[in-house]
Engineer: 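Before I ask anything, here is the structure I am working with.
Numbers restart at 1 for each chain; the letters A, B, ... are given by sequence-line order, proteins then strands.
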There are 2 protein chains.
Amino acid sequence: MKIQVGVVDDMQLFLKSLCYLIDSFKNFEVSVDALNGEQLLEKMAKMDQCPDIILVDVNMPVMDGLQTAENVLKKYPIIKLVALSLQDDDTSVINMLKAGCCAYLLKDIHPDELQRALGEVYNKGYYNADLVNINYRRLITKAKLESENRISDKEKIFLNLSCSDLTYKQIAIEMKLSERTIDGFRESLFNKLNVESRVGMVLEGLRRNLVRL
Amino acid sequence: MKIQVGVVDDMQLFLKSLCYLIDSFKNFEVSVDALNGEQLLEKMAKMDQCPDIILVDVNMPVMDGLQTAENVLKKYPIIKLVALSLQDDDTSVINMLKAGCCAYLLKDIHPDELQRALGEVYNKGYYNADLVNINYRRLITKAKLESENRISDKEKIFLNLSCSDLTYKQIAIEMKLSERTIDGFRESLFNKLNVESRVGMVLEGLRRNLVRL
DNA sequence: TGTCACAACGGGAAATTTCCCGCCTTCCAA
DNA sequence: TTGGAAGGCGGGAAATTTCCCGTTGTGACA
């Protein structure tokens, strides 16, 4: 019996294509695919046998990779999760591994390496792509640093509103807070994101996927 | 004989996956794939028979979709090009169609629709996805509007430098121009991009793919 | 040869951003 | 119960951005 694989990605064409690719691997076959974490959980609830490995896209609209990983592992702790992402984004790597993923792969990986990675994850329980491996030490220090200055919900709302033509005064009115308070959020985010202007803050927020275009 | 398809995309995993998907279509098979336009032209130069249809990703690093389309059509005017893109970005749609593409498809299209699109492009010479079709009139007016206020090279350089913590004064020094001149670029871009702050300008630049994160 | 568009430049002023200072309340933990 | 960290608030000032008002030189074109 082939190893059962699940695939989650919000891009339909990529999802289905990837299923064909994986089905072409000798020892693997796709037993379930879904456009987001919610759909995945629904489909899996109706299945007799759950997949051995699930490939999860990190950036998805409805239930993102992180939430999906957490929800799947809560219900099915035996399943091995593999994160799949467009960017080599430190924060995402950290979060996905912390959530319990066995591997973090980039989407422009070569199909052969995907096959090798799936094999290793199934047999050894983990797989380290070179890219992630090399920077391991740096990631850990960065993880510590980021856990120290977590970004609060209000700061996130403020960051979102900052991604516009609005002035801080208008943002203050929008959030029903004083201009000073807004200024506090600004200052705090400048420090946490290590920038020194609103433009820098917005750009760093985009890079870290704290806000969307 | 099956209809020959070429595929160009810089994301290896997607490229190869898509090839498997297309090979699974009854009447189509992939005869050439490439990671960018340059590689495609190289590979095609060595081929006896060129493909009937080529699927081209719009956003690629080495030779982007637009350049690829132009270069391919210059050498092989018979080939039918189909643009494939992540976003439904008006400017990209306009440019790719203007460059001679027969269709503009989004990457989250359903595989069945891709097959239908390929069939129609081969038989009728074009395919209009609903999404593009609906907004045709708006696209034309927008194309006119954008052709009027084209963004110059210097403005693009300025826009790139604006995507940072640099002040306009520092940008002026960097570009070896006076602050006033920089201010002129700013004003001109504000008008062309229809924004009223540097943050808005940067965000609109990102949305229009004028700058990269 | 005029004039017309256009890139580059400049002064100045109002609005906004950035960065100081400090105050009060709440809530949690030592 | 006594900090002490964190969220919210306020005044003020310097730096930057935004928006006016212009001038000059250059090349294209009728």
Engineer: Using a strict threshold of under 4.0 Å (side-chain N to carboxylate O), is an ion pair present between Glu70(B) and Lys74(B)?
Structural biologist: no
Engineer: Do Arg116(A) and Glu120(A) sit within salt-bridge range, that is, some charged N less than 4.0 Å from a carboxylate O?
Structural biologist: no
Engineer: Would you kindly compare Lys169(A) and Ser152(B) by the position of their nearest DNA chain C nucleotide and give the one closer to the 5′ end?
Structural biologist: Ser152(B)
Engineer: Under 4.0 Å between a side-chain nitrogen and a carboxylate oxygen: does that hold for Asp9(B) and Lys107(B)?
Structural biologist: yes
Engineer: Less than 4.0 Å between a side-chain N and a carboxylate O, is that true for Arg180(A) and Asp183(A)?
Structural biologist: no
Engineer: Would you say Asp153(A) has more than 12 foreign heavy atoms packed within less than 6.0 Å of its CG?
Structural biologist: no
Engineer: Can you tell me how far P of dT18(C) sits from CZ of Phe185(A), to the nearest Å?
Structural biologist: 16 Å
Engineer: Could you work out which one of dT17(D), dT18(C), dG10(D) sits closest to the side chain of Tyr168(B)?
Structural biologist: dT17(D)
Engineer: Could you tell me the separation between the NZ atom of Lys176(B) and the C1' atom of dA7(C), rounded to a whole number of Å?
Structural biologist: 19 Å
Engineer: For Glu179(A) and dG11(D), give me the distance from atom CD to atom C1', rounded to whole Å.
Structural biologist: 12 Å
Engineer: Of Val202(A), Leu206(A), Val199(A), which meets side-chain contact (heavy atoms from CB on, under 4.5 Å) against Val202(B)?
Structural biologist: Val199(A)
Engineer: Does Thr181(B) make a side-chain N or O approach to OP1 or OP2 of dA7(C) shorter than 4.0 Å?
Structural biologist: no
Engineer: Should Lys154(A) be listed as having a side-chain N or O under 4.0 Å from OP1 or OP2 of dA6(D)?
Structural biologist: no
Engineer: Just how far, in rounded Å, is P of dC9(C) from CD1 of Ile182(B)?
Structural biologist: 8 Å
Engineer: Quick one: what's the B/S/- string for nucleotides 22-28 of chain C, heavy-atom cutoff under 4.0 Å, read 5' to 3'?
Structural biologist: -------
Engineer: Sugar-phosphate means primed atoms, P, OP1 and OP2; the rest is base. With that split, encode nucleotides 19-28 of chain D 5' to 3' as B, S or - using protein heavy atoms under 4.0 Å.
Structural biologist: B---------
Engineer: Side-chain N or O of Ser178(B) less than 4.0 angstrom from OP1 or OP2 on dG10(C)?
Structural biologist: yes
Engineer: For the pair made of CE in Met175(B) and P in dA8(C), what is the distance, rounded to whole Å?
Structural biologist: 8 Å
Engineer: Measure from CG on Asn191(A) to C1' on dA6(D) and round the result to the nearest Å.
Structural biologist: 15 Å
Engineer: Should Lys80(B) and Asp52(B) count as an ion pair when the cut-off is N to O under 4.0 Å?
Structural biologist: no
Engineer: Within the distance-only criterion (no hydrogens, no angle test), does the side chain of Ser17(A) pair as donor or acceptor with the backbone N or O of Leu13(A) below 3.5 angstrom?
Structural biologist: yes
Engineer: Measuring from the side chain of Thr167(A) (C-beta onward, heavy atoms only), which nucleotide among dT18(C), dT16(C), dT17(D) has the closest atom?
Structural biologist: dT16(C)
Engineer: Roughly how far, to the nearest 0.5 Å, is the SG atom of Cys163(A) from the CG atom of Leu203(A)?
Structural biologist: 8.5 Å
Engineer: How long is the line joining CD of Gln170(A) and C1' of dT17(C), in whole Å?
Structural biologist: 14 Å
Engineer: Figure out the CD/P separation between Glu155(A) and dA6(D), and round it to whole Å.
Structural biologist: 11 Å
